[in-house]
Structures are given as structure tokens and as C-alpha cells.
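First the structure, then my questions, so here it is.
Residue numbering restarts at 1 for every chain, and letters A, B, ... go by the order of the sequence lines.
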Number of protein chains: 2
Amino acid sequence: MVTAVETRRQIVDAADSLFYAQGFAQTSFADIAAAVKISRGNFYYHFKTKDEILDAVIDKRLSDRRKLLAKWDETADGARKRIECFVRIVIVNQAKIMAYGCPVGTLTTELAKVDHPSSERANEIMVLFGNWLEQQFLELGCGENSRDNALHVLGWSQGVATLAQAFKDKAYVEREVSKILTWLDCIQAGTDQNRSQ
Amino acid sequence: MVTAVETRRQIVDAADSLFYAQGFAQTSFADIAAAVKISRGNFYYHFKTKDEILDAVIDKRLSDRRKLLAKWDETADGARKRIECFVRIVIVNQAKIMAYGCPVGTLTTELAKVDHPSSERANEIMVLFGNWLEQQFLELGCGENSRDNALHVLGWSQGVATLAQAFKDKAYVEREVSKILTWLDCIQAGTDQNRSQ
DNA sequence: GACGAAATTGGACAATCGTCCTAATTCATG
DNA sequence: CATGAATTAGGACGATTGTCCAATTTCGTC
């Protein structure tokens, strides 16, 4: 049975991948149609405009990231380990990052450049990570420095992704992960006096 | 007198700005023509293809950056102050970075995504900064850590630019500059025993 | 001032873009 | 099996893209 919901989901999935791999502007209706094996005209039934697809993709990404963070909240015990989960994405997703960069950063950058109406909405994914990281640093006892530390780690991830894509250097990514984890230890030692290490 | 060289220079200048503000793919011949106040057809006389304009823009950017680095090599005394010059670009060019991101990072990202033939050439601007920074760290006495430190600062700049564009937060940029300068002091103190501070 | 090269113009071109509409098909329900 | 709604297919549309060419204008040189 072919429902509209299922087809719509396939379109959004394909658009998500293609927007990531090629960029939003470079991806045409024909590209997505070919990926889903559906006629171009069929799009209009599910989405009135290309921007509507973009909004759906952003919604999906927001949902996916929320689920990922919730999983980390459950499985990893302690804020320190949860931050480490975030940091290690650049290693887990290394191959894709080297090919296409960071899915979040590259989209926000592209949309901000052309002042796209959905630019702010795309930024919310960045905000989501920022707030989650801030929460972790608060639990770590960083107090008013939590926001700064959160943005520091978030910015770090964007920088690593950009250079990873440019230089395709696995060792660099791993070194940077080590560096930020060491920094994390310093932060922890400096703010939490109850810990010996 | 209207020479071909002068017109060509105007085209490259306009393309440089537009590629930065809108992205390479989003910028059409018509856009550049309107900026230079020249007929669209005239382009073919100066450039056979759009990719040729891109190559010329990359050459210009490479040349501009080389001049900038040479200026820093002359004016700023000591590697520490030269690195600080690099770091402070994110403050000097704050307005443009918040609007369009980093000119180097956004271009390399865009070209790498679509596997553009000039992608590698665009990366050379990133390499240029990387090698220059490495040289500064060598002079600072970082030895074999110089390359790592250079990529660390380069990645830092990319991360700051990405988040600056997303959040448009001046205070964040300034805090990050302070943080990286503090880090720089630690590096210096750790590698150079002759200094008391 | 006339000549030829240099430089510019405006438009033709095929392809592709996002958008939109109509006809055909699929499918659940009676 | 018949009916009507849901879903899909295929193509038309105007606009825009990069490319290319022929005709025109500009300009230095004799």
C-alpha cells in the first residue's frame, strides 16, 4: 500500500541526504525525484514549493538530533561522558564530514549567505546543540561559564569539520579530539573542587 | 582609456565580492555584469567559462592573502604578535564574517561539496595560512608541535567564523579571541623556557 | 582622417530551473 | 464490481542559466 505519508517521508529522506551532499541550492527537484524514483510533477502534490521541502528537512534534522541527544542523556552517565559523546561525532562521522563537511554548519552557512527565509529555523539546530552543551557544563559545575564553554565546544566542532573537509586528515581530527578532551579535564578540575582529578 | 586588463580586473573584483556574499553557484554572469556595468556577452571576450572566472578569483585571493601575510611579516615584530594579527582578523572583519562567514572556509566548503575541479586550488588558500602559521610557531620554538598548533589556530578561526555567522554574537567572538590568546601564552610558556611569563 | 586591431554590445541557443495543471492510475469503501 | 477520493505521471509554462556568435563601436597608429 502506498500512502502519502510514506512517499512524503521518502522525499524528505532523499532531500535530507542530497541537501547535505550537494547543498540546498545545487539540489534540484529532478535530483530528488530520481532518488525517490517518482515523477517530478508528483512533488507538487506533497510540497508546494522547494522551500517547503527545506522546512521539512530542517524539521527532520531537528527531530533526529533531539533523539540523538536524548539517547546520550540516557546511555552516558555523567555530563563529562555526554560531552565526550558530542565531541566524538567528528570521529564517528569522519568519512561523511571529510566529504561534505558538517551537516549543520554547512546548511546554516549556505542559508545565511543568501538570507534565506528558513535561515533562522536552520540555526535552531545549532541552538539545540548549544543549549544541550550548556546544560552539560552546568551539571559539570561550570556555573556562569557554562554558556561560554558550550559555544567553545560547538565552535570547535565546526572548525574541525571545516578543516577535515579541506585537508582530509584523519590524524588531525583525532589530535583535535584529544586536545578538546584535555581542555575538558582542565575545565573540570578548575571548577569542581570535589574531584581529585 | 579602456584596456582589456582593466576590465578584466573589474570583473574579477566584482566576482570576488559576489562569490563571497552569495556563493559561487548562486552568482550568475548577469549578477557580475550588473555589478561591473558591462554586457553579459562581453564576458566571453575576457573569460571563456565561469570556471575561468573562479580560477581568476582564487588567484586574486591567494595573491591578496600573500600580501597580507607579507605585511604582517614586516610590521609585526615577533611570531607571537604575528599570530595575534591572524587571530584578530575575526574581529577586524567581524561585520562581513557575521554576514557571509569566512571567505576562505565558505568557498572551500562549497567547492568540496560538489567536487569542483578548482576545489584543490581553493584549498591552497587554507594551506597558505596553515604554512604561514606553522612558520610562526616554529619561530616560537614549538618544534614538531608547530604543525599541530598551526592547524589548531586555523581550525579555531573557522569555527569562530561559522558560529559568528549563525549567532551574530559579537561578545562570543571577543571571548574566543581572548581564549585563544591565553592558549597561545600557555604554549609559549611551555615551549620557551627563557621567558618568565 | 583612414585603417585595422581591440573591445563591447545585444541577442540567439539549448538546457535546466521551480512551478503548475490536467489526465491517468491506484486504492479503499460501498 | 462500481464509485469517488487519493495519489501519481507527464508535460507545459515562463524565467534563468552558461555559452557562443555576429555586428558594432572604440581606439591607437599610420
Side-chain angles (χ1 to χ4, degrees), chain A residues 1-58 107 110-111 113-119 121-122, chain B residues 1-58 107 110-111 113-119 121-122:
Chain A
M1 183 180 61
V2 180
T3 69
V5 176
E6 173 61 14
T7 304
R8 193 190 145 97
R9 195 192 57 77
Q10 287 182 16
I11 292 175
V12 174
D13 279 359
D16 187 12
S17 298
L18 288 168
F19 289 174
Y20 177 35
Q22 308 181 354
F24 170 67
Q26 334 283 350
T27 302
S28 68
F29 278 32
D31 290 333
I32 308 175
V36 189
K37 293 191 177 73
I38 260 179
S39 69
R40 280 154 291 132
N42 195 6
F43 273 107
Y44 193 68
Y45 181 80
H46 299 278
F47 298 95
K48 296 268 177 278
T49 68
K50 191 183 179 184
D51 287 351
E52 267 189 27
I53 302 185
L54 175 61
D55 286 337
V57 167
I58 294 175
L107 183 67
E110 180 182 354
L111 297 184
K113 247 187 212 260
V114 295
D115 209 27
H116 192 281
S118 296
S119 178
R121 184 112 185 89
Chain B
M1 181 183 59
V2 180
T3 68
V5 176
E6 173 61 14
T7 304
R8 193 191 146 97
R9 195 191 58 78
Q10 287 181 16
I11 292 175
V12 174
D13 279 359
D16 187 12
S17 298
L18 287 169
F19 289 174
Y20 179 33
Q22 309 181 353
F24 170 67
Q26 332 285 348
T27 303
S28 67
F29 278 34
D31 290 334
I32 308 175
V36 188
K37 292 189 179 72
I38 260 180
S39 69
R40 280 152 290 132
N42 195 5
F43 274 105
Y44 192 68
Y45 183 79
H46 298 279
F47 297 96
K48 297 267 177 277
T49 68
K50 191 183 179 185
D51 287 350
E52 265 189 28
I53 302 185
L54 174 62
D55 285 337
V57 167
I58 294 175
L107 183 66
E110 181 183 353
L111 297 184
K113 247 189 213 265
V114 296
D115 209 28
H116 192 282
S118 296
S119 179
R121 183 112 185 88

Any side-chain heavy-atom pair of A:Asp51 and A:His116 under 4.5 Å: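 In short, these two side chains touch, coming nearer than 4.5 Å.
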task = Could you tell me the separation between the CD atom of B:Glu52 and the P atom of D:dG18, rounded to a whole number of Å?
result =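 Whole-Å distance recorded here is 14 Å.
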Within the structure provided, determine whether A:Glu52 and A:Thr49 are in side-chain contact (heavy-atom separation under 4.5 Å).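 Side chain of A:Glu52 against side chain of A:Thr49, heavy atoms only: contact under 4.5 Å found.
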Nearest-Å distance, CG (B:Asn42) to C1' (D:dA23)?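 The answer, rounded to whole Å, is 14 Å.
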Check your understanding: Any salt bridge between B:Lys113 and B:Glu110, counting N to O under 4.0 Å?
Key ->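 No, this pair does not count.
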Mind calculating the distance between CZ (A:Phe47) and P (C:dG18) to the nearest angstrom?
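From A:Phe47 CZ to C:dG18 P: 14 Å.
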Between A:Thr7 and D:dT8, is there a contact of a side-chain N or O with OP1 or OP2 at under 4.0 Å?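 Yes, A:Thr7 has a side-chain N/O under 4.0 Å of OP1/OP2 on D:dT8.
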Answer yes or no: is there a donor N or O on one side and an acceptor on the other, between the side chain of B:Thr3 and the main chain of B:Glu6, under 3.5 Å?
->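 Yes, because the side chain of B:Thr3 sits within donor-acceptor range (under 3.5 Å) of the backbone of B:Glu6.
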Practice problem: Measure from CZ on B:Arg40 to P on D:dC20 and round the result to the nearest Å. | Solution: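 Atom CZ in B:Arg40 sits about 16 Å away from atom P in D:dC20.
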Discussion item. Counting only heavy atoms and a strict 4.0 angstrom limit, can you tell me which residues of residues 20-28 of chain B come near DNA chain D?
Written reply: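 Those residues are B:Thr27, B:Ser28.
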What residue pairs, at least two apart or across chains, pass salt bridge (charged side-chain N to carboxylate O under 4.0 Å, His left out) with a residue in residues 21-40 of chain A?
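Non-adjacent pairs meeting salt bridge (charged side-chain N to carboxylate O under 4.0 Å, His left out): zero.
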Any side-chain N or O of B:Tyr45 less than 4.0 Å from the OP1 or OP2 oxygen of C:dA7?
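For C:dA7, OP1 or OP2 has a side-chain N or O of B:Tyr45 closer than 4.0 Å.
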- Task: For the side chain of B:Lys50, starting at C-beta, report the closest nucleotide among C:dG10, D:dG18, D:dT8.
- Result: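 Given the options C:dG10, D:dG18, D:dT8, the side chain of B:Lys50 is closest to D:dG18.
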- Item | Whole-Å distance separating the CD1 atom of B:Ile38 from the P atom of C:dG10 |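 Value for this atom pair: 12 Å.
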- Query: Mapping B:Val5 and B:Gly41 onto DNA chain C by nearest heavy atom, which one lands closer to the 5' end?
  - Reply: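 This one resolves to B:Val5.
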On the nucleotide D:dC20, are OP1 or OP2 found under 4.0 Å from the side-chain N or O atoms that B:Tyr44 carries?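 Indeed, a polar side-chain atom of B:Tyr44 lies that close.
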Nucleotide D:dT7, atom P - distance to CD1 of A:Ile11 in whole Å
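One finds 12 Å between P of D:dT7 and CD1 of A:Ile11, rounded.
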Q.
Without decimals, in angstroms, what is the distance between B:Phe29 CZ and C:dG11 P?
A.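 So the CZ-P distance, B:Phe29 to C:dG11, works out to 19 Å.
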Please pick, from D:dC21, C:dC17, C:dC21, the nucleotide with the shortest atom-to-atom distance to any side-chain atom of A:Ala30.
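Of all the options, the side chain of A:Ala30 is nearest to C:dC17.
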Distance check needed: D:dT17 P versus B:Phe43 CZ, whole Å only.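 So the CZ-P distance, B:Phe43 to D:dT17, works out to 12 Å.
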Practice problem: Indicate yes or no: at least one non-hydrogen side-chain atom of B:Arg8 is less than 4.5 angstrom from one of B:Phe47. | Solution: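 The answer is yes, as the side chains (C-beta and beyond) meet within the 4.5 Å cut-off.
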**Prompt:** Counting N and O atoms only, with roles assigned by atom type, does the side chain of A:Gln26 sit under 3.5 Å from a partner on the main chain of A:Gln22, one being a donor and the other an acceptor?
**Reply:**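 No, A:Gln26 side chain to A:Gln22 backbone: no donor-acceptor pair under 3.5 Å.
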